[in-house]
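What follows is a short report on a single structure.
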There are 2 protein chains.
Amino acid sequence: MNQHASHKPDYEKELRRAGVRITRPRKVILRILTETDDHPDAMEIFQRASAIDPSISLSTVYRTMKLLEEMGAIHRHAFEGGRARFEQADGEHHDHLIDIDTGDVIEFHSNRIEELQEEIARALGYDIVHHRLELYGRRRRKP
Amino acid sequence: MNQHASHKPDYEKELRRAGVRITRPRKVILRILTETDDHPDAMEIFQRASAIDPSISLSTVYRTMKLLEEMGAIHRHAFEGGRARFEQADGEHHDHLIDIDTGDVIEFHSNRIEELQEEIARALGYDIVHHRLELYGRRRRKP
DNA sequence: AATGCAATTGCAAATCGTTTGCAATAAAAA
DNA sequence: TTTTTATTGCAAACGATTTGCAATTGCATT
């Protein structure tokens with residue numbers, strides 16, 4: 001098991017490559033995503049964006065996130081608690097441990113678990129297309 | 001890893017013990033749940049109930065499911081695809097493999113995976129409160 | 001069996017997160 | 001610059017679930 005390190009992608013270049021316009025609202029949103037290393041939901045992104053440019057709408061945040069998701073630049077996660085949360089897609093698969101008190105997300109990866117999942121699916125006659133492993137926990141108090 | 005066998009609980013007795021009234025709509029819904037061994041969503045339960053008594057409302061289905069959930073008689077799962085799906089709670093924990101073509105749900109359990117999860121959480125300084133492991137797969141074609 | 005009353009119902013309206021239609025605006029091509 | 005077309009903000013629509021409310025119904029009591 002090992003934790004996961006992140007790097008900063010150039011969303012603007014990716015968008016340009018996808019042939020879409022680099023608008024002012026998009027610039028702001030992309031900047032926020034680049035500077036972020038947590039897993040914000042649309043409302044959080046909207047609020048951070050509003051602080052920079054109050055004219056940006058929540059719709060545009062959603063539209064931009066959908067765009068980035070479709071081009072594979074970010075992942076959308078449906079953790080517990082209503083809102084979808086986003087993170088940059090950096091190619092390396094990982095699962096999530098969510099702090100139920102703070103909402104903090106810790107990424108981890110276990111080859112052993114992935115293998116076991118494959119084994120189980122195979123035994124049941126299935127091929128795994130994707131999976132979802134979320135641990136909801138509470139920080140252990142010092143004893 | 002082993003698959004999971006289900007048994008039929010007496011929801012009506014449980015409800016009575018909880019001190020709520022056994023109404024006609026509730027009787028119908030409970031009967032449907034008892035006769036079911038898949039993982040229906042509220043709309044499916046509503047439709048099955050409507051076939052028996054067309055006057056039953058979707059609200060009552062939701063209210064009854066919430067009631068049963070609160071007394072621990074059923075579990076609510078937020079699989080992919082919008083609607084929550086329900087299953088009887090029979091004490092034995094298991095995870096789910098969802099057939100992405102049919103929506104079928106196969107239950108499984110792996111002590112090894114559970115141990116690894118614990119290990120990971122511990123290493124990260126957390127206690128697991130609950131977790132969610134869902135495999136989304138497709139039936140393997142005979143080669 | 002008839003009564004009384006709180007629990008439960010069906011309905012419509014409200015909720016929450018997200019998406020969408022549309023007319024106005026702004027990027028980028030010419 | 002002007003033109004073309006994508007993108008925007010807004011409000012309204014959305015789908016799943018919940019809720020307020022007045023009408024009904026279980027069921028404990030006579």
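Per chain, numbering begins at 1; letters A, B, ... match sequence-line order.
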Within this structure, what is the CE-to-P distance between M43(B) and dT18(D), rounded to whole angstrom?
-> 13 Å

Check whether any side-chain N or O of Y136(A) sits under 3.5 Å from a backbone N or O of E80(A) as a donor-acceptor pair, and report yes or no.
-> yes

For dT18(D), does either OP1 or OP2 sit under 4.0 Å from a side-chain N or O belonging to Y62(B)?
-> no

Would you say the base of dT20(C) and the side-chain of S59(A) have a donor-acceptor pair closer than 3.5 Å?
-> yes

Atom CG of L30(B) to atom P of dT8(C): distance rounded to whole Å?
-> 12 Å

Nearest heavy-atom neighbours spanning P25(B) and I56(B) = CA-CD1, 3.9 Å

Among dG10(C), dG9(D), dA27(C), which is the nearest nucleotide to the side chain of S57(A)?
-> dG9(D)

Nearest of dG17(C), dA28(C), dG26(D) to any side-chain atom of R24(B)?
-> dG26(D)

Using a cut-off of strictly less than 4.0 Å, decide whether T60(A) has a side-chain nitrogen or oxygen near OP1 or OP2 of dG9(D).
-> yes

Distance check: side-chain N/O of K66(A) vs OP1/OP2 of dT18(C), anything under 4.0 Å?
-> no

Can we call the ring centroids of H96(A) and F79(A) under 6.0 Å apart?
-> yes

Between dA28(C) atom C1' and K27(A) atom NZ, what is the distance in whole Å?
-> 12 Å

What nucleotide, of dT18(D), dA27(C), dT20(C), holds the atom closest to the side chain of R63(A)?
-> dT20(C)

Residue pair H93(A), H131(A): steps toward the ring pair (Phe, Tyr, Trp, His ring centres under 6.0 Å) verdict = CA-CA 11 Å; H93(A) 166 73; H131(A) 70 100; 4.8 Å; yes

Between E134(A) and H130(B): side-chain donor-acceptor atoms closer than 3.5 Å | no

Picking from dT17(D), dT19(C), dT7(D), which would you name as closest to the side chain of T23(A)?
-> dT7(D)

Examine the base of dG26(D) for any acceptor or donor lying under 3.5 Å from a partner atom in the side chain of R26(B), and report the outcome as yes or no.
-> no

Ignoring the backbone of R83(B), work out which of dT9(C), dT17(D), dT18(C) is nearest its side chain.
-> dT17(D)

Would you check if there is a donor-acceptor pair between the side chains of E87(A) and H94(A) at a distance under 3.5 Å?
-> yes

Just how far, in rounded Å, is C1' of dA28(C) from CZ of R16(A)?
-> 11 Å

Is a donor-acceptor contact shorter than 3.5 angstrom present between the side chain of R21(B) and the base of dA6(C)?
-> yes

Of V20(B) and S55(A), whose closest DNA chain D nucleotide lies nearer the 5' terminus?
-> S55(A)

Of the nucleotides dT17(D), dT7(D), dG9(D), which one has an atom closest to the side chain of I56(A)?
-> dG9(D)

What is the distance, rounded to the nearest whole Å, between atom CG of L15(A) and atom P of dA27(C)?
-> 15 Å

Atom-to-atom span, CG of L68(B) to P of dT8(C) - whole angstrom = 12 Å

Calculate the interatomic distance between L67(A) atom CG and dT18(C) atom P; express it in whole Å.
-> 17 Å

Round to a whole Å and report the spacing from CZ of F46(B) to P of dG10(C).
-> 9 Å

